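Presented below is the structure to which this report refers.
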Amino acid sequence: MFNKRIKIKQLVATEQTGDEVTVMGWVRTFRNNQFIALNDGSTNNNLQVVVELGLLDEAILKRITTGASLKVTGEVVPSLGKGQKIELKAKNVEILGDSDADKYPLQPKKHSLEFLREKAHLRFRTNTFGSVFRVRHLLAFAIHKFFNDRGFIYLHTPIITASDAEGAGEMFRVTTLPFDNPPRSQDGSIDFKEDFFGKSTNLTVSGQLEGELGAMAFSEVYTFGPTFRAENSNTTRHLAEFWMIEPEMAFCDIEDNMNLAEEFMKYLIQYVMDNNRDDIEFLDQRLAEEEKQKPANERSEFGLIEKLQFVINNNFERITYTDAITILLESPAYKKKKFKYDVNWGIDLQSEHERYLVEKHFKKPVIVTGYPKEIKAFYMKQNEDGKTVAAMDILAPGIGEIVGGSQREENLEKLEQRMREMHLPVEEMSWYLDTRRFGTVPHAGFGLGFERMVQFVTGMTNIRDVIAFARTPKNCEF
RNA sequence: UCCUCCUUAGCUCAGUUGGUUAGAGCAUCUGACUGUUAAUCAGAGGGUCGUAGGUUCAAGUCCUACAGGGGGAGCCA
């Protein structure tokens with residue numbers, strides 16, 4: 001009868017004493033042959049189990065080691081010590097699973113994130129990763145709640161795709177052809193007619209195009225699924241496999257799109273603050289400790305909670321790309337030639353430019369709109385100036401681009417013309433263009449990188465620490 | 001892919017201008033203590049100094065290559 005146990009989260013929150021309860025969990029540390037810090041993953045707060053002298057045989061006591069799993073039955077009593085209100089006075093302790101203290105890698109001490117990254121299968125059992133993954137879960141839940149409450153349909157777009165048109169990045173090939181001796185066409189090229197799908201296929205880099213098809217029927221849809229990019233990116237904010245949220249709304253322009261994205265981000269932050277204060281407070285302290293290690297000039301001005309509260313309470317700054325270029329050109333940093341990359345109208349904003357705008361100039365999230373059409377995707381709505389498109393990127397402090405979106409070009413002729421200019425296969429994309437042929441409407445959407453959002457809310461600086469098992473170039477362990 | 005830094009005990013790190021037998025804290029083991037909060041105290045064990053070459057009378061220390069990792073950049077979410 002395992003389900004008779006009480007979760008530690010529920011138990012440590014109680015004021016009521018005198019009940020006899022059963023808990024199960026893993027030993028974090030065993031102090032003084034008497035005090036077990038027990039954790040079952042439901043909360044970062046360990047339950048203190050008190051084992052009175054003489055209750056257990058020496059042989060059992062020796063098996064209560066860090067990492068071992070226990071079933072404990074006992075009485076809930078007020079704690080005599082400081083640091084917790086109640087504790088469990090053990091009547092019976094059963095070892096469910098031993099953990100060899102000599103071999104178990106996690107110790108009751110501070111481990112480096114780099115070390116834990118290599119022990120990713122065990123790191124859930126640490127305070128930091130426990131908090132990160134509970135927050136990650138809550139964010140995922142809040143995403144569904146946000147959209148469901150607003151009448152959006154959750155659309156599952158395909159993982160395997162034959163479309164190569166989005167141009168969002170290098171793709172992973174999906175094939176069942178033998179790689180040592182693939183079938184060849186007469187001209188020597190690989191004959192994908194022989195492949196599983198009868199054509200060349202890849203893992204998806206975006207569900208947007210399919211999302212647009214859904215929006216043309218349901219008015220509002222969103223996707224939330226895995227996305228794959230075979231870029232050789234080795235940074236703290238890129239993964240080869242990551243999760244992305246892509247809402248797509250019919251009857252919606254760029255302003256509506258920005259409003260929704262801003263409301264969405266604020267909602268997610270507020271939801272976590274309201275529903276998991278414990279973990280956010282732990283992460284706030286963890287970040288503060290980490291900041292202390294840094295030289296004073298590299299420390300961030302805000303703590304984690306301060307930052308999140310600030311984002312909720314203030315409007316995102318909204319500027320055009322042209323404004324952004326002007327601000328950069330007039331900045332002291334530019335005049336002192338601090339930028340590595342030159343600034344002029346037409347460039348893609350570099351990290352250093354985004355950082356300046358967000359972290360130095362405005363000191364809050366910034367939405368940049370109206371980018372030159374040359375540096376943006378084919379499907380974005382062409383503005384009347386003939387030079388810019390109705391794109392919008394949200395730049396977040398410490399993360400950079402967290403949202404990328406746009407109003408879509410709903411005019412068939414303009415869209416086809418742009419596709420031809422960019423040498424995209426118009427014929428193959430006929431299914432997509434049907435949205436513009438049959439009842440086209442103004443529509444818009446955006447993509448939010450889920451792990452980047454988790455980074456932003458948890459304050460974790462490396463994206464590999466907010467996904468369970470990171471896939472990055474040359475790394476596919478576990 | 002580029003730039004840069006790092007790799008010494010299970011973990012985190014120290015190791016001087018190249019010079020005897022490579023150190024500390026924590027962890028582990030043994031013992032003591034028993035209301036602890038990363039418990040404390042005493043003792044013990046634990047190292048091919050990332051790998052392969054090279055320079056030198058002598059290399060953890062200098063040089064080269066490779067591997068792994070961190071940070072930054074590009075690409076992007």
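Just so it is clear, the structure is predicted and the values come from calculations on it, not from any experiment. Each chain gets a letter, A, B and so on, in the order the sequences are listed, and its residues count up from 1.
When the C1' atom is compared between B:rU51 and B:rG60, the two are found 15 Å apart, to the nearest whole Å. As rounded to the nearest Å, B:rA24 and B:rA9 have C1' atoms that lie 11 Å from one another. Taking the C1' atoms as reference points, B:rC63 lies 11 Å from B:rA59, given to the whole Å. One C1' atom belongs to B:rG23, the other to B:rC33, and the distance between them is 29 Å to the nearest Å. Comparing the P positions of B:rA52 and B:rA42 gives a spacing of 40 Å, expressed to the nearest Å. Spacing between B:rC3 and B:rC26 at atom C1', rounded to whole Å, works out to 36 Å.
At least one test fails for A:Lys363 against the ring of A:Phe302: distance under 6.0 Å to the centre or angle within 45° of the axis. For the pair A:Arg150 and A:Phe146, the distance from NZ or CZ to the six-membered ring centre is under 6.0 Å and the angle to the ring normal is within 45 degrees.
For the pair A:Thr236 and B:rG72, the criterion of a side-chain N or O lying under 4.0 Å from OP1 or OP2 is met. Here A:Gln350 does not reach the OP1 or OP2 of B:rA73: none of its side-chain N or O atoms lies under 4.0 Å away. In terms of phosphate contacts, A:Arg464 brings no side-chain nitrogen or oxygen within less than 4.0 Å of OP1 or OP2 of B:rG69.
Remark: B:rA22 base-pairs with no nucleotide in the shown strands. Criterion, Watson-Crick or G-U wobble with two distances under 3.5 Å. Nucleotide B:rU37 is matched to nothing when pairs are restricted to Watson-Crick or G-U wobble geometry with both distances under 3.5 angstrom. Pair check for B:rA44 finds B:rU28; Watson-Crick or G-U wobble, both atom distances under 3.5 Å. In this structure B:rC62 sits in a base pair with B:rG54, meeting the Watson-Crick or G-U test at under 3.5 Å. Of all nucleotides present, only B:rC3 satisfies the Watson-Crick or G-U wobble test against B:rG71, with each distance under 3.5 Å. Using the Watson-Crick or G-U wobble rule with both distances under 3.5 Å, B:rC49 pairs with nothing in any strand shown.
Across all strands shown, A:Asn234 has heavy atoms under 4.0 Å from base atoms, whether or not it also approaches the sugar-phosphate. Nucleic acid contact for A:Asn232: base, since at least one base atom lies under 4.0 Å from a heavy atom of the residue. No engagement by A:Arg28 is indicated, since no non-hydrogen atom pair under 4.0 Å with the nucleic acid exists. Residue contacts shown for A:Phe242 include a base, since a base heavy atom lies under 4.0 Å away. Looking at heavy-atom distances under 4.0 Å, A:Thr235 makes contact with a base.
The side chain of A:Arg355 sits closest to B:rA73 out of B:rU1, B:rA73, B:rC11. Comparing B:rG70, B:rG10, B:rC76 against the side chain of A:Gln107 picks out B:rG10 as the nearest. For A:Ser351, the listed nucleotide lying nearest its side chain is B:rC76; candidates were B:rC29, B:rC76, B:rC75. When the nucleotides B:rA73, B:rG70, B:rC76 are ranked by their closest atom to the side chain of A:Lys340, B:rA73 comes out on top.
Checked against a 6.0 Å centroid threshold, the rings of A:Phe124 and A:Phe129 do not count as neighbours. Less than 6.0 angstrom separates the ring centroid of A:His144 from the ring centroid of A:Tyr222. Aromatic ring centroids of A:Phe224 and A:Phe450 lie under 6.0 Å apart.
Remark: the A:Ser233 side chain and the B:rC76 base include no donor-acceptor N/O pair separated by less than 3.5 Å. With hydrogens and angles ignored, a donor-acceptor pair closer than 3.5 Å exists between the side chain of A:His238 and the base of B:rC76.
With salt bridges taken as basic N to acidic carboxylate O contacts below 4.0 Å, none links A:Lys89 and A:Glu20. Between A:Glu451 and A:Arg136 there is a salt bridge, since at least one side-chain N of the basic residue sits less than 4.0 Å from a carboxylate O of the acidic one. Salt bridge annotation for A:Lys85-A:Glu15: present, with a cationic side-chain nitrogen under 4.0 angstrom from a carboxylate oxygen. Under a 4.0 Å N-O distance rule, the pair A:Glu289/A:Lys110 does not qualify as a salt bridge. Using a 4.0 Å cut-off between charged nitrogen and carboxylate oxygen, A:Asp323 and A:Arg318 do not count as a salt-bridge pair.
Rounded to whole Å, the distance from CD on A:Glu354 to C1' on B:rC75 is 12 Å. The CD atom of A:Glu118 sits 11 Å away from the C1' atom of B:rU7 (whole-angstrom rounding). Here the C1' atom of nucleotide B:rC29 and the CG atom of A:Asp100 are 12 Å apart, to the nearest Å. Straight-line distance from the CZ atom of A:Phe115 to the C1' atom of B:rC13: 15 Å, rounded to whole Å. In this structure, the CG atom of A:Leu116 is 14 Å from the C1' atom of B:rG69, given to the nearest Å. Rounded to whole Å, the distance from CD1 on A:Ile347 to P on B:rG74 is 11 Å. Residue A:His353 contributes atom NE2, which lies 13 Å from atom C1' of B:rG74 at whole-angstrom precision. Following rounding to the nearest Å, A:Tyr341 (OH) and B:rG72 (C1') show an atom-to-atom distance of 11 Å.
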- request: Go along nucleotides 31-39 of chain B 5' to 3' and tag each nucleotide: B for a protein heavy atom under 4.0 Å from its base, S when only backbone or sugar atoms are that close, - otherwise.
  value: ---BBBBBB

